[in-house]
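Structure record follows, encoded as structure tokens.
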Amino acid sequence: MSNLLYDQLFAPLAGRSGMFLHLDDGTALTGPDFLAAVHRAAAALRAQGVRPGDRVALQVAKTPEALAVYGATVAAGAVLLPLNTAYTPGEVEGFVADASPRVLLVDPAKSEALSPVAARHGAMLATLDARGRGSFRDLCDAQSSEAVIEARDEGDLAALLYTSGTTGRSKGAMLSHGNLLSNAAALAREWRFSATDVLLHALPIFHTHGLFVACNVSLASGAAMIFQPGFDLDAILRALPRATVLMGVPTFYTRLLDDARFDRELVAHMRLFVSGSAPLLAETHVAFEARTGHRILERYGMTETNMNTSNPYDGERRAGTVGRPLPGVEVLVTDPATGAPLPAGETGMVEVRGPNVFGGYWGMPDKTREELRDTGFFITGDLGRFDDDGYLALVGRQKDLVITGGFNVYPKEVELLLDEQPGVLESAVIGVPHPDFGEAVFAVLVPRPGERIDVDAIDAVLRERLARYKQPKGIAVVDALPRNTMGKVQKNVLRERFGGRFV
Ligand code: AMP
């Protein structure tokens, strides 16, 4: 009997001679070491009553043991439910109530708060700390490392990943073995991954980027990973000489560029820098190339779809775009009102179809029908535009579109102009309630370190360069934009903060 993901991603670890995971303390795990940990964790899950199809939730630090739980859920035919470590116990309870996991793995520091949650919802609670120790590890150590693998095929669920839920309730995206494997194979091929690669892994593993893009691509290609607990600038700079690829969110790249130690020589041997999860400013792209000689490869994806588009490995990596559809993935830009496909150059809703696209939202058939068409196209909620060469540029989420006096304003257009102004490091444009216009355009600016922003001068430039309805009706200056752990600007937080300006 076969198990699609186990056979393709994990079983090959048995035959690997070199190291698989390099850790910050100087130790490393070979492929067979890690696979044995996967098998013991699978046995531990079974000992806790986990059967195929059961959910296994975890809110734990990033460790090899936590990664082994991913392999263990695959081997045991279970469904991985990773949770952001920033969630409060109350938030965790919401996910546990929704998904009824059989097991809830938590940091020992949270076990007091979360054991009543587990008890209320019929989950077994076990612990795993930032050193990979805890009651779950003890249970693993008592198990055999013999492989017991449940049969699973393409359509079987492998993971339930809750969307970050910046508007409304988080939804559990159901991802199958086929979804994950097709994307891992496509990305490994497109980005030319091989067994000689060493991926510098500093992303969290509760999110699709760090978990599936980074780990699955490495597993699919036989690459090794330098597995760091989080983004630590010094640790990254120390590890770069041993890496061949870095995957990051845009803030990784801006923080690296802020440090003079990050120079051409340090990264001369690197093969690839990948960016995604939030927009990479064209300015960062250009500054990165000037400093290092490397062009960052930007790609676009989301929890529900895995990765959809990528700039080319060979060929032009176009700043300000997320590249072309990956092989096997269809991407359309459609009229948001009618769903009719739009030609290149016109802005509309990005829709995606392919083996990468999820099967629906857990327990939300109505929401699934709203967003996943009968034709198989998923309505992403992102607005974008193709250029004549087939590169997609994203202009923001539809929910961030500002409709003022009946006119549509794409925040990105105003933000690009604001970012060019003297003293402006970055900007966010939002819509806030307005008695006359319904919504008004409102700009939030962050100054460059040590510089001052002349709001009146900027206002004057905007008046000259933008149609009246696009001009911000108010401008605020703040120290920093609110961002989530993946570096995405939380416009909902800004809308809450500045929403009372005109009403
Ligand atoms: P998540 O489900 O947390 O991965 O968030 C997915 C969303 O992140 C997408 O729908 C986009 O809005 C955004 N996103 C991902 N990659 C990019 C990118 N390269 N540029 C701009 N936005 C991106």
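Values reported hereafter were calculated over all heavy atoms of this structure, with side chains retained and with hydrogens, waters and symmetry mates removed. For ligands, and for the atoms within them, numbers begin at 1 and follow the listed sequence.
- Remark: minimum distance from atom 6 (C) of ligand 1 to any protein heavy atom is reached at M302 CB, 3.3 Å.
- Among the atoms of Y300, none of the N or O lies under 3.5 angstrom from an N or O of ligand 1.
- Between T163 and ligand 1 there is no heavy-atom distance shorter than 4.0 Å.
- Assignment of H207 to the shell around ligand 1 is supported, since a heavy atom sits closer than 4.0 Å.
- Aromatic ring centres of F193 and Y313: separated by at least 6.0 Å.
- If you check which protein heavy atom lies closest to atom 2 (O) of ligand 1, you get T303 OG1, 2.6 Å.
- Distances below 4.0 Å separate heavy atoms of V322 from the following atoms of ligand 1: 18 (C), 19 (N), 20 (N).
- The protein atom (non-hydrogen) at minimum distance from atom 13 (C) of ligand 1 is S277 O, 3.8 Å.
- Checked against a 3.5 angstrom limit, the closest N/O atoms of R299 and ligand 1 fall inside it.
- Checked by atom type, the side-chain pair D258/Y253 shows no donor-acceptor distance below 3.5 Å.
- Among the atoms of K488, some N or O lies under 3.5 angstrom from an N or O of ligand 1.
- Every atom of ligand 1 is numbered from 1 in the order shown, and the set under 4.0 Å from a heavy atom of E298 is 18 (C), 19 (N), 20 (N).
- Protein heavy atom at the shortest distance from atom 22 (N) of ligand 1 is L394 CD1, 3.7 Å.
- Taking atom 21 (C) of ligand 1 as the reference point, the nearest protein heavy-atom neighbour is P279 N, 3.4 Å.
- Here the two rings, on F95 and Y87, have centers that are under 6.0 Å apart.
- What sits closest to atom 12 (O) of ligand 1 on the protein, heavy atoms only, is D382 OD1, 2.6 Å.
- Ligand 1 has no N or O atom lying under 3.5 Å from any N or O atom of E304, backbone or side chain.
- Here E439 does not pair with K473 in a salt bridge; the nearest charged N to carboxylate O distance is not below 4.0 Å.
- Remark: the Y391 side chain and the R385 side chain contain no N/O donor-acceptor pair separated by less than 3.5 Å.
- Residue contacts with ligand 1 for A278 involve N, CA, C or O but no side-chain atom from C-beta outward (heavy atoms, distance under 4.0 Å).
- Side-chain atoms of S100 and H121 include no donor-acceptor pair closer than 3.5 Å.
- The distance from atom CG of L326 to atom CZ of R189, rounded to the nearest 0.5 Å, is 9.5 Å.
- Remark: of the listed residues M174, R369, K171, K171 is the sole one forming a side chain to side chain contact (heavy atoms under 4.5 Å, CB included) with Y361.
- Under 3.5 Å, the side chains of N308 and N356 contain a donor-acceptor pair of N or O atoms.
- Taking 4.0 Å as the cut-off, M486 does not count as a neighbour of ligand 1 on heavy-atom distance.
- Applying the 6.0 Å contact sphere to CD of E154 captures no more than 12 heavy atoms from other residues, nucleotides or ligands.
- Side chains of T334 and E351: a donor on one and an acceptor on the other come within 3.5 Å.
- The nearest heavy-atom contact from the protein to atom 15 (C) of ligand 1 is G301 O, 3.3 Å.
- Taking any N or O of T380, backbone or side chain, none lies under 3.5 Å from an N or O belonging to ligand 1.
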